[in-house]
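Every heavy atom of this structure was used, including side-chain atoms; hydrogens, water molecules and symmetry mates were not. Protein chains get the first letters and strands the later ones, always in sequence-line order, with residue 1 at the start of each.
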Protein chains: 2
Amino acid sequence: MTRTPTPAKPSTPRRRGRPAGRSGPGRDSDARAHLLEVALRLFAEHGIAATPLSLIARKARVTPALLHYYFGSKDKLVDALVDEKLQPLSAALGQGLIRSGHDLRSALEVFVGTLIELLSANPWFPPLWVREVLSEGGQLRKRLIERVAPALAHRVRDLAAGAQAKGRLNADLDPRLLMVSLIGLTIFPLAAQPIWRAIYAADDITPEVLRRHVLALLLRGLELDDAN
Amino acid sequence: MTRTPTPAKPSTPRRRGRPAGRSGPGRDSDARAHLLEVALRLFAEHGIAATPLSLIARKARVTPALLHYYFGSKDKLVDALVDEKLQPLSAALGQGLIRSGHDLRSALEVFVGTLIELLSANPWFPPLWVREVLSEGGQLRKRLIERVAPALAHRVRDLAAGAQAKGRLNADLDPRLLMVSLIGLTIFPLAAQPIWRAIYAADDITPEVLRRHVLALLLRGLELDDAN
DNA sequence: AATTTATTTAATGGATAATTTAATTTCAAG
DNA sequence: CTTGAAATTAAATTATCCATTAAATAAATT
């Protein structure tokens, strides 16, 4: 009922035609890049299917037709997002693991560190990932699962299995579950941030605090001393 | 394009009127309960908003009108689901923690154990929780966050902070992040099950294996022996 | 017989969304 | 200047889909 029929309130209803642009020689007006950013934010917040082009357009202060002008269709917009935003980030995440050598401890320290760092710098990723990869029917599931995930998952499992065989890793762990545990301790908490911030205001929980917490838990566990 | 106009294929198009029922004295026909089950399954799979009543009806081999007969509206159907399915399960989860005394180790063992047990017995929970609680805009967020979560979260935090103050808990952990970590190691992996099962077929990862893995990780950590 | 319960059929009434076409304005090149 | 290309909007097009209600029907209960 708060919805205005159509005229809405485009405070700057921008009249037709090409806008008088600062077309400096350096960069073109960058409208496309801006649209991608806005779309990414909204897709992360509401989910891809639940985000109409008209919403993206409104937030970007343009019309849906312009989205078609730049991207051709909603599907191709998603494609562009995957190619230009998701793949690069996923690749960067993968690098952290690959480059880290075969010592499991240092590999983990590097991986967790860069992971938390990258995710904090790209806060749209965790919620988007939860919706579109983790959830059944997510639109990015296939694309990301077929490319990025297996390489990482197998690498982690193999590192772990190797260490375990040599008695250097807690024998009660399942190497195949280690990758899931890693994600459950990093991407998941960041996606859940709005929830725990609502439960106990915790502005002092910085990415660095999270990193320390996760690595402490992974490397040493709770270190409970009994004594009831 | 696989969608049939309307006539669909209700192989048993059930003729009108009250069906000839086994109305045995013991239990009434149980149709309502069945509808709730079907709705729950579909809501978990596709999300609440994305599940039309017509789909629930089709899967339950009835018509949408019957859903209104029993529940009045889609909203009220969701209410019924929360009251009759979610609250009880959440409460049971909470019990596991409350009853477990104040020794942190045994509390955790009990909590993780019952949690994994209950979730495995109710596989609809993790995906539903991811969609409707974890995701922004989820329809169950408010209801569950305001009731169940704070009690649990504060309890865990206080137990942890207490233990930490007495030097009995790894000092690098943040007590407030412990609850999130617990969920990230239990509910999250179960919600992600379809993904890792697709990556490496792992039929031998039973709930018991997961429980052992999680407790091993929590209580002892990776126990890495360096040596590269 | 009469009434209540369970069910379907068949509207009803909205709402929304992606995409296309045509018009408009500015910019850049000749 | 002139002209064509680029960027934008307005308006139309087209395609659904979905919750809810009203009325009809059949069985069960009293």
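One can place CG of B/Asp75 at 13 Å from C1' of D/dT20, the figure rounded to the nearest angstrom. In this structure, the NZ atom of B/Lys74 is 15 Å from the P atom of D/dC17, given to the nearest Å. Residue B/Lys76 contributes atom NZ, which lies 13 Å from atom C1' of D/dA19 at whole-angstrom precision. When rounded to the nearest whole Å, the span between CG of B/Leu67 and P of C/dA6 equals 14 Å. With rounding to whole Å, A/Arg16 atom CZ is found 16 Å from D/dA6 atom C1'. With rounding to whole Å, A/Phe71 atom CZ is found 18 Å from C/dT20 atom C1'. The NE2 atom of A/His68 sits 4 Å away from the P atom of C/dT19 (whole-angstrom rounding).
Proximity of B/Tyr69 to the phosphate of C/dA6: a side-chain N or O atom is located under 4.0 Å from OP1 or OP2. OP1 or OP2 of C/dT7 sits under 4.0 Å from a side-chain N or O of B/Tyr70.
Distances from the side chain of B/Ser54 to the nucleotides D/dT9, D/dC18, C/dT8 place D/dC18 closest. When each of D/dT20, D/dT9, C/dT19 is scored by its nearest atom to the side-chain atoms of A/Val62, the top-ranked nucleotide is D/dT9.
Note on residues 35-53 of chain A: pairs passing side-chain hydrogen bond (donor to acceptor under 3.5 Å, both in side chains), not counting sequence neighbours, are A/Glu37-A/Lys85.
Atoms CG and CG, on A/Leu118 and A/Leu89 in that order, are 5.5 Å from each other to the nearest 0.5 Å.
Not counting sequence neighbours, A/Glu109 has no partner by the side chain to side chain donor-acceptor pair (under 3.5 Å) test.
If A/Pro52 and A/Ala65 are placed on DNA chain C by their nearest nucleotide, the residue sitting closer to the 5' end is A/Pro52.
Residue contacts shown for A/Leu66 include a base, since a base heavy atom lies under 4.0 Å away.
Side-chain atoms of B/Gln193 and B/Pro123, non-hydrogen and from C-beta on, never get closer than 4.5 Å to each other.
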